[in-house]
Amino acid sequence: MVDTKTPDDKKLSVPSKTLSLKPRVETGTVRQSFSHGRSKQVVVEKRGKRRIDGSPEPQAPTVVAKPTPAAPTPAPSRPAPPRNAGSGVVLRTLTEDERSARASALADAKVREVEERRVAEEEAQRRAVREAAERADREAAESRRKAEEERHRHEDEAKRKAETEAKKRFGEGEQPQSAPRPAAAAPAAPAPRPGAPTARPGTATGRPGTTTARPGTTTQRPAGGPVGRAPAVAAGPDEDDGPRQIRRGPGGAARPVVAPKPTHKPGPQKERGRLTVVTALNADEVRERSIASFRRRTQRLKGHASNEPKEKLIREVVIPEAITIQELANRMAERAVDVIRMLMKQGAMHKITDVIDADTAQLIAEELGHTVKRVAASDVEEGLFDAIDDSTDTETRSPVVTVMGHVDHGKTSLLDALRHANVVSGEAGGITQHIGAYQVVSPESGKKITFIDTPGHAAFTAMRARGAKVTDIVVLVVAADDGVMPQTIEAINHAKAARVPIIVAINKIDKPDAKPERVRTELLQHEVQVESFGGEVVDVEVSAKNKTNLDKLLEMIALQADILDLKTNSERPAEGTVIEAKLDRGRGPVATVLVQRGTLRVGDIIVAGAEMGRVRALISDQGETVQEAGPSVPVEVLGFNGPPEAGDRLAVVENEARARQVTSYRAHQKRENAAASISGMRGSLEQMMSQLKTAGRKEFPLIIKADVQGSLEAILGSLEKLGTDEVAARILHAGVGGISESDVTLAEGFNAAIIGFSVRANKEAAAAAKRNGIEIRYYNIIYDLVDDVKKAMSGLLAPTLRETMLGNAAILEIFNISKVGKVAGCRVTDGTVERGANVRLIRDNVVVHEGKLSTLKRFKDEVKEVQSGQECGMAFENYHDMRAGDVIECYRVETIQRSL
């Protein structure tokens with residue numbers, strides 16, 4: 001292809017440029033000046049307006065600040081390229097695509113310009129609304145301020161009116177004490193000359209030698225100065241224009257000059273505190289010192305001025321067994337630091353909260369000059385029992401007779417015959433397991449006799465001891481066919497310890513093998529000499545079954561009571577002893593009480609052991625409700641907070657406060673004793689070794705619930721006696737009443753057994769025990785209970801291993817057999833040798849091995865045993881060091897189960 005362009009045409013051709021909408025911009029900077037010497041430098045851009053179809057370019061420059069971006073203007077289209085007149089060649093023309101692209105760009109720019117204009121108008125509207133709201137807020141604040149000023153002005157007017165009325169009321173010469181003193185009046189200024197300018201309040205008039213002042217301002221000019229020569233300056237706050245100066249020009253004319261405002265307003269300081277009506281009305285008053293404050297100041301000055309020592313107060317200080325230093329100082333009215341200083345002198349460092357003993361507290365109190373009264377915690381029980389009765393108004397009381405003796409000797413049957421009752425038929429196992437109190441009327445004299453029936457079982461020693469303590473006479477029942485037994489001897493010892501007379505009742509004389517003389521003879525061995533043998537002890541042969549000589553027994557009891565001359569005062573507060581206590585589900589805690597002194601009435605406040613209460617009801621032995629119980633009368637008392645311990649002494653107190661003091665002290669002592677018994681004391685080396693021995697013994701955990709306190713006490717005592725060095729019964733909980741869910745929960749935690757003596761578990765407790773696999777055993781007879789626990793505890797004992805000798809064999813030769821090892825050829829010298837028995841290998845009279853016999857053969861056959869004189873082959877388990885001449889000893893180990 002031939003290039004037709006000439007070199008001139010090539011010179012005239014213009015290279016193509018990239019099309020764009022960017023306008024042509026000429027940039028410059030201009031510095032703008034503002035007020036207060038501030039200036040700002042802005043950027044000025046000169047943009048050429050885009051020309052379309054050869055339109056002329058505008059000449060006016062556009063000033064645009066750099067911080068505010070200017071709205072983009074459409075870029076002018078490029079002019080059509082000129083034609084070359086000489087050659088007729090077009091330099092460059094726009095294509096259709098370029099024209100359409102430029103047209104669309106222009107349309108988009110117009111749309112953007114319209115949108116930006118709309119956004120600017122909306123922003124201007126929002127700004128106008130915001131300015132209007134701020135203007136309204138300022139006007140509202142201004143109106144509130146003016147209303148506040150108006151209120152203050154009205155208050156000032158009201159105050160001035162009140163002052164005027166006060167002046168009228170108290171007179172012109174005197175003012176009320178609360179009104180402030182008036183300030184000294186300033187000299188009146190002469191009237192101004194005609195035509196002279198009048199100075200405003202707080203400004204100088206400008207006349208020579210005059211001074212016009214208002215509160216808080218001072219305007220002064222030297223006297224005698226020439227008019228118009230020396231300028232007079234007056235400064236003061238102006239309510240309208242603020243502080244201004246009055247400057248005199250020639251001719252004395254005053255012209256005001258505005259001065260700059262001060263940084264703070266002159267006048268009184270703002271009062272601090274809460275703004276109330278009283279403080280607002282008394283704002284200008286001067287607060288004076290109160291009379292009480294002036295008196296305190298005077299007394300303080302007098303105290304400092306006089307150095308006379310104060311008189312020391314001597315007090316009676318009550319010191320308990322332990323007291324803190326702070327409490328001791330308070331009781332002595334001394335400073336605690338003085339007490340600590342005295343202790344430091346004695347070489348003891350203490351704090352104010354430390355507890356010191358009573359002896360140290362007494363030494364300190366006496367050294368400080370005080371008197372001391374020592375008290376103890378147990379003083380709350382003083383005067384509770386055995387108060388001296390000076391009254392001569394006494395009357396004869398019924399005797400208290402306790403029936404004692406061995407088990408199954410007929411004590412309860414004898415009482416039933418006397419009372420015409422049948423208590424024996426209702427007792428479990430035919431034995432008495434509870435202590436009972438009854439009253440019997442003597443058929444001859446008509447007097448009442450109180451009988452106390454005690455159990456005869458060996459476990460009820462504590463019950464017999466309680467019966468002996470409260471009794472006046474002991475009736476010792478001995479079976480004529482059985483003689484003196486262990487519990488008979490124990491009853492004799494209890495009666496001797498209580499120093500009470502004994503009447504021997506020889507029962508069961510109706511039996512064919514009865515021997516009363518043997519009973520009298522056996523009693524002599526225990527220092528009980530009956531009257532028929534020349535002694536002082538009365539004996540009566542009776543038969544409870546046939547009711548023989550019962551009247552004679554009652555006669556002897558009445559005669560013995562007359563000899564004792566039993567008298568008491570029935571009008572004094574009651575005292576007694578708790579014979580038995582139980583927890584009844586319907587009635588609550590019930591205590592069987594024998595009243596010994598005074599009269600117990602319904603409504604009395606009573607204390608027994610660690611329990612207190614108010615008597616709600618009194619029930620006699622016949623089941624009748626009574627209002628009062630005199631001396632020697634047994635009754636059931638309802639109203640205790642909890643079941644007391646059997647054997648506790650009962651007393652009537654004057655009020656509940658005293659009862660709470662006594663019971664709280666006893667409960668505290670009970671807790672301390674229980675804690676001491678559980679923790680134990682370290683003590684001597686022997687005690688420590690005994691504790692180490694008992695530390696490894698096995699325990700049988702039990703939870704015991706009984707019907708009455710006495711039975712529970714007897715069960716606990718019996719189980720405690722069963723314990724040995726290897727096994728013992730551990731009582732987790734013991735109480736009076738039915739078996740509850742809490743008992744089952746406790747037993748589940750310790751895997752213990754629950755024992756109920758004459759009580760039952762409620763429905764919920766029984767279901768919980770069945771669900772958790774807890775065993776509950778019920779008993780009515782203490783024999784069975786103790787025997788079962790004894791068997792269970794015996795199962796915890798380690799069995800005894802006992803050896804039984806079978807025979808001996810001598811080794812003659814040792815044979816080595818493949819796949820077997822060494823086999824000893826032996827001859828049985830005595831006894832027999834059994835396969836599988838235990839053997840000992842003895843060499844030179846020394847045991848070298850103990851094991852079991854694994855193989856026993858006679859010839860080639862395995863046999864179970866070999867008799868004496870026969871030869872056999874033996875092999876040991878896991879042992880082959882056998883030699884000729886050794887002796888094999890064969891024995892059997894037997895396991896024997898032990899029992900308590």
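Side chains are part of it too, since the values below use all heavy atoms of this structure and drop only hydrogens, waters and symmetry mates. All of these numbers come straight from a predicted model, not from anything done at the bench.
When all heavy atoms are compared, the tightest approach of Asp510 to Ser543 is OD1-OG, 3.2 Å. Across all non-hydrogen atoms, the minimal contact from Ala479 to Val519 is O-CG2, 3.8 Å. Shown here for His406 and Pro486, the closest heavy-atom pair between the two residues is CE1-CD, 3.9 Å. Heavy-atom minimum distance, Ala761 versus Ala766: CB-N, 4.3 Å. The two residues Lys547 and Ala417 have their closest heavy-atom pair at CG-CB, 4.1 Å. Contact between Ala629 and Val635 at its shortest, heavy atoms only, is CB-CG1, 3.7 Å.
Taking the side chain as every heavy atom from C-beta outward, Ile449 and Leu554 approach each other to under 4.5 Å. Between Ile619 and Val626, every side-chain heavy-atom pair lies at or beyond the 4.5 Å cut-off. Ile755 is not listed as a side-chain neighbour of Tyr778, based on a closest heavy-atom distance of 4.5 Å or more. Side-chain contact between Glu527 and Lys496: present, with at least one pair of heavy atoms (C-beta onward) separated by less than 4.5 Å. Residues Pro643 and Glu611 form no side-chain contact, since every pair of their non-hydrogen atoms from C-beta on lies 4.5 Å or further apart. Between Ile704 and Leu716, the closest side-chain pair of non-hydrogen atoms falls below 4.5 Å. Within the 4.5 Å cutoff, the side chain of Lys582 has no heavy atoms near those of the Asp707 side chain. A 4.5 Å side-chain heavy-atom check between Ile503 and Val537 finds every atom pair outside the cut-off.
Annotation for Lys545: atom NZ does not count as buried by contact number, only 12 or fewer foreign heavy atoms lying within 6.0 Å. Counting non-hydrogen atoms of neighbouring residues, nucleotides and ligands closer than 6.0 angstrom, the CG atom of Asp513 exceeds 12 such neighbours. Atom CD of Glu764 has more than 12 neighbouring heavy atoms from other residues, nucleotides or ligands inside a 6.0 Å radius.
The backbone N or O of Glu628 lies less than 3.5 Å from no partner atom in the side chain of Arg601, so there is not a single donor-acceptor pair. Although no hydrogens or angles enter the test, the distance criterion places a donor-acceptor pair under 3.5 Å between the side chain of Ser632 and the main chain of Ser398. The backbone N or O of Ile703 lies less than 3.5 Å from no partner atom in the side chain of His733, so there is not a single donor-acceptor pair. Remark: the backbone N or O of Ala491 is not paired with any side-chain donor or acceptor of Gln487 at under 3.5 angstrom. A distance-only check finds no donor-acceptor pair linking the side chain of Glu531 to the backbone of Asp539 [under 3.5 Å]. Formation of a donor-acceptor pair under 3.5 Å by the Asp584 side chain with backbone atoms of Gly586 is found in this model. At distances below 3.5 Å, not a single donor-acceptor pair connects side-chain atoms of Thr577 with backbone N or O atoms of Ile579. Side-chain atoms of Asn493 come within 3.5 Å of backbone atoms of Ile489 as a donor-acceptor pair (strictly under, hydrogens ignored). Of the possible donor and acceptor atoms, one in the side chain of Thr471 sits under 3.5 Å from a partner among the backbone N and O of Val400. A donor-acceptor contact shorter than 3.5 Å is absent between the side chain of Asn549 and the backbone of Lys552.
The distance from atom CG of Leu722 to atom OG of Ser794, rounded to the nearest 0.5 Å, is 8.5 Å. Atom CD1 of Ile452 sits about 10.5 Å away from atom CE of Met404, to the nearest 0.5 Å. Annotation: the span from Phe640 atom CZ to Met612 atom CE amounts to 10.0 Å, rounded to 0.5 Å. Rounding to the nearest 0.5 Å places CD of Gln439 at 13.5 Å from CG of Leu418. Once rounded to the nearest 0.5 Å, the distance linking CG of Leu702 with CD1 of Ile715 reads 11.0 Å. Taken to the nearest 0.5 Å, the CD atom of Glu624 stands 13.0 Å off from the CG atom of Leu618.
The side chain to side chain contact (heavy atoms under 4.5 Å, CB included) test with Ile502 singles out one residue from Val538, Leu476, Leu523, and that residue is Leu476. With respect to Pro589, the side chain to side chain contact (heavy atoms under 4.5 Å, CB included) criterion is satisfied by exactly one of Val736, Leu583, Asn641: Leu583.
Between the side chains of His409 and Asn507, no donor N or O sits under 3.5 Å from an acceptor N or O. In summary, the side chains of Glu580 and Gln709 do not present any donor paired with an acceptor at a separation below 3.5 Å, with no hydrogens or angles considered. Under the 3.5 Å distance criterion, with hydrogens and angles disregarded, a donor-acceptor pair is assigned to the side chains of Asn772 and Glu748.
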Side chain to side chain donor-acceptor pair (under 3.5 Å) assessment of Ser570 paired with Glu395 | CA-CA 8 Å; Ser570 61; Glu395 56 187 15; 2.9 Å; yes

Taking it one step at a time, do Ile506 and Val542 satisfy side chain to side chain contact (heavy atoms under 4.5 Å, CB included)?
-> CA-CA 6 Å; Ile506 303 175; Val542 295; over 6 Å; no

Could you walk me through whether Thr592 and Val578 pass the side chain to side chain contact (heavy atoms under 4.5 Å, CB included) check?
-> CA-CA 6 Å; Thr592 302; Val578 177; over 6 Å; no

Step by step, would you call Val590 with Val637 a side chain to side chain contact (heavy atoms under 4.5 Å, CB included)?
-> CA-CA 6 Å; Val590 180; Val637 179; over 6 Å; no

Worked verdict on Phe451 versus Ile557 for side chain to side chain contact (heavy atoms under 4.5 Å, CB included) = CA-CA 11 Å; Phe451 283 95; Ile557 293 174; 3.8 Å; yes

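For the pair Arg777 and Glu775, the salt-bridge criterion is met [side-chain N within less than 4.0 Å of a carboxylate O]. Between Asp743 and Lys705 there is a salt bridge, since at least one side-chain N of the basic residue sits less than 4.0 Å from a carboxylate O of the acidic one. One finds a salt bridge joining Arg587 and Glu636 here, because a Lys/Arg side-chain nitrogen approaches an Asp/Glu carboxylate oxygen to under 4.0 Å. Taking the charged nitrogens against the carboxylate oxygens, Lys670 and Glu645 do have a contact shorter than 4.0 Å, which makes a salt bridge. A salt bridge is defined here as a Lys NZ or Arg NE, NH1 or NH2 lying under 4.0 Å from an Asp or Glu carboxylate O, and Asp472 with Arg397 meets this definition.
For Glu699, the salt bridge (charged side-chain N to carboxylate O under 4.0 Å, His left out) test picks out Arg730, with sequence neighbours left out. For Arg614, the side chain to side chain donor-acceptor pair (under 3.5 Å) criterion is met by Glu656, not counting sequence neighbours. For Asp784, the side-chain contact (heavy atoms from CB on, under 4.5 Å) partners at least two apart in sequence or on another chain are Tyr779, Ile781. Looking at residues two or more places apart in sequence or on another chain, you find no salt bridge (charged side-chain N to carboxylate O under 4.0 Å, His left out) involving Arg616. Checked against salt bridge (charged side-chain N to carboxylate O under 4.0 Å, His left out), Arg518 has the following partners two or more places apart in sequence or in another chain: Glu522. For Glu555, the side-chain contact (heavy atoms from CB on, under 4.5 Å) test picks out Glu444, with sequence neighbours left out.
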